[in-house]
Visitor: 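Below is a structure I'd like to ask you about.
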Amino acid sequence: MDFTFTEDQLAFREAISRFLMTEAPPELLRDIWDTEEGRSPELRAKISEQGLTALSVPEAQGGLGMGDITWALLTQELGYYAIPDSLADTAFVATGLLSALPEGTRMREELLSRIAEGSVRIAVGHSVNPLVADVHLADVVLQEHQGEVHALCRDNIGFERNPSIDSSRRLSRISFEPSDATRLVGSEQGRAVWAQTLNRGALAVAGQSLGLAQRMLDLSVDYVTQRKQFGKPIGSFQAVKHKLADVASKIEFAKPVLYHAAHALAHGDAQANLNVSHAKLACCEAAWLAARNGIQVHGAMGYTWEVDLQMFMKRAWALDSAWGDRAFHNSRVAETLLADTAQIGPSFTFGALQND
Amino acid sequence: MKLTFTVEDEAFRAEIAQWLRTNLTGEFAALKFRGGPGDEHMFTAERQRWEKRLAAGGWTGIGWPLKHGGRGCSIEQQVIFHEEYARAGAPGRVGHIGEGLVGPTLIAFADPEQQAKYLPAILAGTDLWCQGYSEPGAGSDLANVKTRARRENADNTWRINGQKVWTSLAHESDWCFVLARTDSESVGHKGLGFFLVSMHQPGVTVRPIEQLTGTSEFNEVFFDDAVAADLIGEPGDGWKIAMALLGFERGVSTLGQQMQFQNELDEIVRIAKSNGAARDPLLRQRIAEAHIGLRLMRYNAMRMLSHTSTESGPEALVYKLHWSSWHRNLGALAMDVLGPEAEILESGPYNLTRLQSLFLFTRSDTIYGGTSQIQRNIIAERGLGMPKEAKGNLR
């Protein structure tokens, strides 16, 4: 049992974190809100240059061949800096989906290469999400239809934009006509791919939520250290500091859950559904508490448009129901545990004896 | 103990319900369910006309004594009024600060001349008021007021200098009551005065604060040698009067607030039934808990209002903590019942749906009017007699 990461993985995370800190400050994100498309091609290009889009593309297609476990770290950075691109959809979720298709599937290699070089935007449409993120700029939408995988180009779809409570999110309701020409694989192969894709989408949200939680905690710690009332920094009052200690506990207990889920997904573990749903619930719960306690300790300042806390709170609230809301993931946990064939009991929860 | 209303009370209920049916029509019909907390910036001109309509019907200051132009209604009748008002969906009152806070305070502390000067215009719905308490450095620590009041030797008038913040409806108001330091050497709750200041003068500047909802209900207010029209009580009485005023805030209007909460819960239940969320066992449970919490709130408020003496009981201390936490949870429940649709705006660029407004606004419930942390301190210190937390000396 080893929950540590390799030096390469940690170095990559560190580099991305430093890069996003300087290249994607909150003021820039606010400027991007006000643009028609809500996205910055410059920022996207810079992110690709850092190797983020190539991260999990197979080496044969020019990628770095890293996978779910590294993404468990990087999605946290995307959340921490509230990156407006639904970058994870292209670089992580779509890449995983395409990689899982049989080699030689039409468009597979071409799209993977283009993802690696950062020259394509791919949106992913799954029935668990009523709306699809970033369709308005997508070159290709990978769309679920009755278990089949369809690749839709701009000519194949109609879409209607729906503004979100989070000014960074650009969501659309899409309409399309599935045909032989758009189908990449049929439902027989497609269902397993979509099951895995749903898990990857949920894992991406879990990682981002955890990063958001950490950012809100850091902002709040800063604020309560500076803000003074009754002649003291308010962070010296137990009523205030305990609020943030609770958030820290939630975050620390969510981390191994996220990492375990990434590991399960990377290794095709039979319990992956359970692990991913658990991670989504634990990480979103941490983000929720960080938002709730974060605004509480900010007092009225946290309720203003001007203070950056709102950017991270709104992302956390919006992501809470993306790639399966709480009811969805709770019921997946319940179904797994209550199934007649459920793998429960000491030898599954704890280590099994060698000679079992 | 008597948990029902008398025949006379029920006749009163029929009267106000009928009046609202007749009057909340025409140009006022569009105001139904508008202008409440989170929506206070909307339809202010129309709501000012509505305030005058209420006044013309004799429905302002109903709890004020007859000799001050009020209606002298019993507590039960005031409860009934607020219930029917909320049931009809009548709009948020632009005059509520004048009627609910300023009026009772002036009746208790002002001299007859001052009462005659201000009370009639509140009753008539012509003068609107805002509250000048909080400052950038005086939030939870309200006594840390820095705004100064200086007496001019020439004509004995008071001049106000300083800044107030989170001032609701300041941009619509004619008057502000201001807590300011009359003794520049003083600290804390000593040396304060309670002033009435006209908002229509060059020394007063109002700047709206944008909320995370994208709208502005409250403001920063700057006083730059502004003239105070009146000082209530003596210099140094400010804290006593300011605290008494906050006591009036926990009044019967909370009953109307609960009716609004009931409307919100009903809307959430309706959506849960129609979109299938009601089949989710966890959401069902939370809906049931919301119902129970609201009943508790109502019983507690009725018990609170049953106190005949001016001393309020322990139930008054716990009330804000309960309703604000309950309402905050209701906002979250609304979003969870909507599921993935919850984040979709009514329209761009940033028009919120009613339930989104509810959700976002309720993030502030546990903050404004005394945070939950301050409420717990009050319960512990005032209710349980526990020692006070030590204050620091960083000012």
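Atoms considered below: every heavy atom in the structure, side chains included; atoms not considered: hydrogens, waters and symmetry mates. Naming: A, B, ... by sequence-line order, numbering from 1 per chain.
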Visitor: Side-chain donor-acceptor pair under 3.5 Å between A/Arg326 and A/Ser321, yes or no?
Guide: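 Looking only at side-chain atoms, A/Ser321 and A/Arg326 do not form any donor-acceptor pair under 3.5 Å.
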Visitor: State, without any angle test, whether B/Glu346 and B/Gln356 hold a side-chain donor-acceptor pair at a distance under 3.5 Å.
Guide: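 No, no side-chain donor-acceptor pair sits under 3.5 Å.
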Visitor: With chain B, which of A/Ala334, A/Ser331, A/Gly299 has the greatest number of heavy-atom pairs at distances under 4.5 Å?
Guide: A/Gly299
Visitor: Are B/Tyr350 and A/Trp305 close enough that their ring centres sit under 6.0 Å apart?
Guide: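 Here the rings of A/Trp305 and B/Tyr350 have centres that are less than 6.0 Å from each other.
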Visitor: Between the side chains of A/Asp246 and A/Asn293, does any donor sit under 3.5 Å from an acceptor?
Guide: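 No pair is found: no donor N or O on one side chain lies under 3.5 Å from an acceptor on the other.
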Visitor: Examine whether an atom of A/Phe237 lies under 4.5 Å from a heavy atom of chain B, and if so say whether it belongs to the side chain, the backbone or both; otherwise answer neither.
Guide: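 Looking at A/Phe237, backbone and side chain both touch chain B.
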Visitor: Please look at B/Ile344 and chain A and tell me whether the side chain, the backbone, both or neither of the residue comes under 4.5 angstrom of a heavy atom of that chain.
Guide: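 Answer is both: backbone and side chain atoms of B/Ile344 are under 4.5 Å from chain A.
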Visitor: Under a 4.5 Å heavy-atom cutoff, which of B/Ser347, B/Ser216, B/Pro281, B/Ser364 has the most pairs with chain A?
Guide: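 Going by pairs under 4.5 Å, I would pick B/Ser364.
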Visitor: A/Leu171 versus chain B, heavy atoms under 4.5 Å apart: side chain, backbone, both or neither?
Guide: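 For A/Leu171, side-chain heavy atoms alone lie under 4.5 Å from chain B.
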Visitor: At a 4.5 Å cut-off on heavy atoms, which part of A/Leu309 comes close to chain B: side chain, backbone, both, or neither?
Guide: neither
Visitor: Below 4.5 Å from any heavy atom of chain A, which atoms of B/Phe218 appear? Answer side chain, backbone, both or neither.
Guide: side chain
Visitor: Would you say the rings of B/Trp326 and B/Phe261 are close, in the sense that their centroids are separated by under 6.0 Å?
Guide: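 Here the rings of B/Trp326 and B/Phe261 have centres that are less than 6.0 Å from each other.
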Visitor: Give a yes-or-no answer on whether the side chains of B/His96 and B/Glu40 include a donor-acceptor pair shorter than 3.5 Å.
Guide: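 Yes.
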Visitor: Could you tell me how the ring of A/Trp194 sits relative to the ring of A/His126: parallel (under 30°), tilted (30 to 60°) or perpendicular (over 60°)?
Guide: perpendicular
Visitor: Which bit of A/Asn129 is near chain B, if near means a heavy-atom gap under 4.5 Å: side chain, backbone, both or neither?
Guide: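 The answer is neither part of A/Asn129.
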Visitor: Is it the backbone or the side chain of B/Leu360 that comes under 4.5 Å from a heavy atom of chain A, or both, or neither?
Guide: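 Interface part for B/Leu360: both.
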Visitor: Picking from B/Leu282, B/Thr366, B/Leu212, which has the most non-hydrogen pairs under 4.5 angstrom with chain A?
Guide: B/Leu212
Visitor: Below 4.5 Å from any heavy atom of chain B, which atoms of A/Ala322 appear? Answer side chain, backbone, both or neither.
Guide: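 When you check distances to chain B, no heavy atom of A/Ala322 falls under 4.5 Å.
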Visitor: Against chain B, label A/Trp33 side chain, backbone, both or neither, depending on which of its atoms sit under 4.5 Å from a heavy atom there.
Guide: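 For A/Trp33, neither part sits under 4.5 Å from chain B.
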Visitor: Please determine whether the number of non-hydrogen atoms from other residues, nucleotides or ligands lying under 6.0 Å from atom CZ of A/Arg161 exceeds 12.
Guide: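 Enclosed.
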Visitor: Look at B/Ser134, B/Ala277, B/Ala138, B/Gly137 and state which one has the largest set of heavy-atom pairs under 4.5 Å with chain A.
Guide: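 Top count of heavy-atom pairs under 4.5 Å with chain A: B/Gly137.
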Visitor: Could you check, using the six-membered ring where one of them is a Trp, whether B/Phe359 and A/Trp317 have ring centers closer than 6.0 angstrom?
Guide: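 Distance test on ring centres: under 6.0 Å, yes.
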Visitor: Counting only heavy atoms closer than 4.5 Å, note whether A/Met311 contacts chain B via side chain, backbone, both or neither.
Guide: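 For A/Met311, neither part sits under 4.5 Å from chain B.
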Visitor: A/Tyr303 vs B/Phe361 aromatic rings, parallel, tilted or perpendicular, using cut-offs 30° and 60°?
Guide: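 Plane angle over 60°, so perpendicular.
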Visitor: Hey, which of B/Gly348, B/Ala332, B/Gly139 has the most heavy atom pairs under 4.5 Å with chain A?
Guide: B/Gly139
